[in-house]
Amino acid sequence: MSIKKKIAVAGILAASAWGAFGYFGEEPVEFADTRFNGAYRFTDGSLVSIGPSTSERLRLMHFDNGDVASLYYNGGPGFEAAAGFSSRETIAKGAFEYSDEGVLLGASWEVGGEHAAIRRIPLRSEEMFFASGELKLRGKLTLPEGEGPFPVVVLIHGSESYSAVDYYQWPYLLAANGIAGFKFDKRGTGGSEGEYTQHFPTLAADVAAAVAKLTAREDIDPGRINLAGFSQGGWIAPLVAKSIPIRSIMVGFGCAVPVPREDRWGYVKQLLESGYGESEIAQADAMNAELDTIIDQGDDAAWDRLFVLLERHVDEPWFQSIVGSDSLLGFVAEKATANGSSWVPAFAWKLYYRWKRGDGPNFNRGYDPRSTLEAIATPSLWLLAGEDSSVPTDETAEILGELAAAGKPIEVQVYPGAEHGNVVFSVDEAGERTYTGYVSSYLNDTITWFRAQNGL
């Protein structure tokens with residue numbers, strides 16, 4: 001889901017969101033069965049993690065190769081396994097295994113006549129609450145085996161509105177590799193108080209409050225606090241590092257361009273993939289410029305110019321092709337081409353927009369992430385998706401390369417063929433995608449970075 005429409009406006013300029021693990025259109029349900037959350041090992045030592053995906057499905061992630069499996073279960077010990085994020089094609093049947101005292105030990109299954117088994121790693125997890133201003137936010141710390149104090153990675157959300165404490169699996173993979181992992185519910189989500197927001201400084205302050213809570217613990221090394229920012233979190237993590245000491249940062253499928261520039265990429269990419277070129281992009285840019293003027297300047301005349309452009313282009317094939325793109329203009333195109341849209345008078349769109357937008361702070365659209373990156377000396381690793389439909393990866397990589405050439409401790413890895421989330425996919429004859437897993441080295445690249453940055 002995409003940040004742009006949540007942080008910009010509503011109605012004709014209204015909200016849709018994107019974030020870590022929301023890249024293929026799946027939004028976790030409210031109920032999450034967390035009994036199986038944790039890290040597991042096969043007998044050959046390879047590592048996997050398990051966590052909820054929906055109320056009836058668990059997700060199993062392979063650390064070594066990025067493969068993903070779905071485990072369908074009915075609340076009992078038995079399950080059916082399918083390959084990928086959401087396939088229902090059963091490839092194996094198995095069961096969870098428990099001790100006589102009812103403690104979950106692991107699971108086993110049969111694949112092609114061969115037996116496979118995993119055993120749960122005895123990691124220590126502790127739910128904890130911390131204060132950010134007047135709010136109480138819910139978090140969960142997972143510690144490695146052995147004695148601390150440990151380095152820790154604090155996970156920074158994308159723009160999703162579901163519970164990170166219930167759904168995020170990264171802490172288990174981190175702890176299985178000697179690093180504590182901390183996740184927390186964004187304000188207004190899960191078990192955290194407050195109102196959901198997309199305001200970057202507010203979210204950065206919440207992360208700083210989480211860090212303050214962790215550094216007070218004897219089992220956490222205050223000199224080895226790290227951040228992992230996913231999607232929208234790639235804007236927020238450097239803001240945190242600008243205000244408090246941070247050992248290192250990993251940004252997954254984030255960007256180093258301002259929000260309006262990131263938003264533009266959604267329709268540009270869709271136009272290019274539909275075979276259009278600079279002429280059509282220029283026409284789309286002209287329309288998008290009026291949207292920006294409405295949002296940033298409140299210029300009433302821009303509405304009239306926008307409606308003129310909509311009337312001129314609404315029936316043109318290029319305009320039809322950007323409907324549904326991950327952009328503000330794509331959302332407007334969807335509304336403008338919907339049945340009955342021509343019956344809505346201009347003043348109604350204006351009133352609805354003003355009502356839904358409100359007068360809240362709009363820091364995000366004026367935020368330049370490059371200036372923040374220029375102001376910090378925190379080592380960072382950027383793991384970017386080469387075919388990202390939400391983030392202009394080439395432009396981001398160019399900016400990061402310029403900063404690195406200027407002496408900033410920045411490393412960049414672009415995964416060719418990967419979509420937002422650093423996920424890979426297959427395409428059928430009809431052009432439909434099936435998301436099958438993560439880039440094979442993505443999980444390992446992340447852990448390797450943090451281990452090296454923390455002297456492990």
Side-chain angles (χ1 to χ4, degrees), residues 1-18 159 197-199 255 257-368 389-392 395:
M1 289 185 34
S2 149
I3 173 178
K4 333 184 211 236
K5 301 163 194 166
K6 278 187 180 175
I7 65 175
V9 287
I12 191 173
L13 309 180
S16 114
W18 55 278
S159 61
T197 182
Q198 297 281 351
H199 189 235
C255 65
V257 301
V259 168
R261 191 69 182 175
E262 180 261 0
D263 177 82
R264 174 183 181 269
W265 175 244
Y267 67 80
V268 169
K269 180 173 175 59
Q270 199 144 309
L271 283 170
L272 292 173
E273 290 182 344
S274 299
Y276 296 103
E278 292 303 318
S279 175
E280 292 80 11
I281 292 174
Q283 293 178 80
D285 283 343
M287 193 177 297
N288 194 57
E290 301 301 346
L291 295 177
D292 287 343
T293 301
I294 292 169
I295 296 167
D296 297 329
Q297 301 176 28
D299 185 352
D300 196 62
W303 280 100
D304 298 325
R305 296 192 296 269
L306 174 61
F307 291 136
V308 169
L309 292 173
L310 282 172
E311 185 175 358
R312 180 183 305 165
H313 298 301
V314 68
D315 294 323
E316 294 182 6
W318 74 262
F319 187 79
Q320 301 285 329
S321 77
I322 66 173
V323 169
S325 63
D326 190 10
S327 65
L328 187 58
L329 183 58
F331 182 79
V332 171
E334 182 178 354
K335 294 301 181 185
T337 56
N339 290 334
S341 62
S342 60
W343 293 95
V344 180
F347 77 85
W349 287 122
K350 296 179 184 180
L351 290 174
Y352 187 60
Y353 163 69
R354 290 166 184 159
W355 170 60
K356 293 295 286 184
R357 180 184 182 185
D359 298 316
N362 199 19
F363 167 88
N364 297 343
R365 284 182 59 84
Y367 171 57
D368 180 6
S389 60
S390 292
V391 169
E395 192 173 349

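- At least one side-chain heavy atom of E262 sits under 4.5 Å from a side-chain heavy atom of P392.
- V259 is not listed as a side-chain neighbour of Y367, based on a closest heavy-atom distance of 4.5 Å or more.
- Within the model, atoms CG of L306 and CG of D299 stand 11.5 Å from one another, a figure rounded to the nearest 0.5 Å.
- Side-chain contact between D292 and D263 is absent, with no heavy-atom pair separated by less than 4.5 Å.
- Every residue two or more places apart in sequence or in another chain that forms a side-chain contact (heavy atoms from CB on, under 4.5 Å) with T197 is listed here: R187, H199, T202, L203.
- Taking both residues in full, the closest heavy atoms of A284 and L271 are given as CB-CD1, 4.0 Å, listed atom of the first, atom of the second, then distance.
- When all heavy atoms are compared, the tightest approach of L310 to A336 is CD2-CB, 4.1 Å.
- By the side-chain hydrogen bond (donor to acceptor under 3.5 Å, both in side chains) test, E280 is found to be paired with no residue, residues two or more places apart in sequence or in another chain being considered.
- For A333, the side-chain contact (heavy atoms from CB on, under 4.5 Å) partners are F319, I322, V323, not counting sequence neighbours.
- In this structure D285 satisfies the side-chain hydrogen bond (donor to acceptor under 3.5 Å, both in side chains) test together with R264, Y267, sequence neighbours excluded.
- Under the 4.5 Å side-chain criterion, counting only non-hydrogen atoms from C-beta, P317 is in contact with Y276.
- Summarising the geometry, atom CG belonging to D296 is positioned 10.5 Å from atom CG belonging to L291; distances are rounded to the nearest 0.5 Å.
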Q | Verdict with reasoning, T293 to R305, per side chain to side chain contact (heavy atoms under 4.5 Å, CB included) | A | CA-CA 11 Å; T293 301; R305 296 192 296 269; 4.2 Å; yes
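- Put simply, CH2 on W303 and CD1 on I294 are 4.5 Å apart, with the number rounded to the nearest 0.5 Å.
- Here the closest non-hydrogen pair linking G330 and S325 is CA-OG, 3.3 Å.
- Atom CG of D304 and atom CD of E290 lie 10.0 Å apart (nearest 0.5 Å).
- In this structure, I281 and L272 have side chains that are in contact, with non-hydrogen atoms separated by less than 4.5 Å.
- Not counting sequence neighbours, E311 has no partner by the side-chain contact (heavy atoms from CB on, under 4.5 Å) test.
- The structure places CH2 of W265 at 11.0 Å from OG of S390, a figure rounded to the nearest 0.5 Å.
- Residues passing the side-chain contact (heavy atoms from CB on, under 4.5 Å) test with R312, sequence neighbours excluded: V308, L309.
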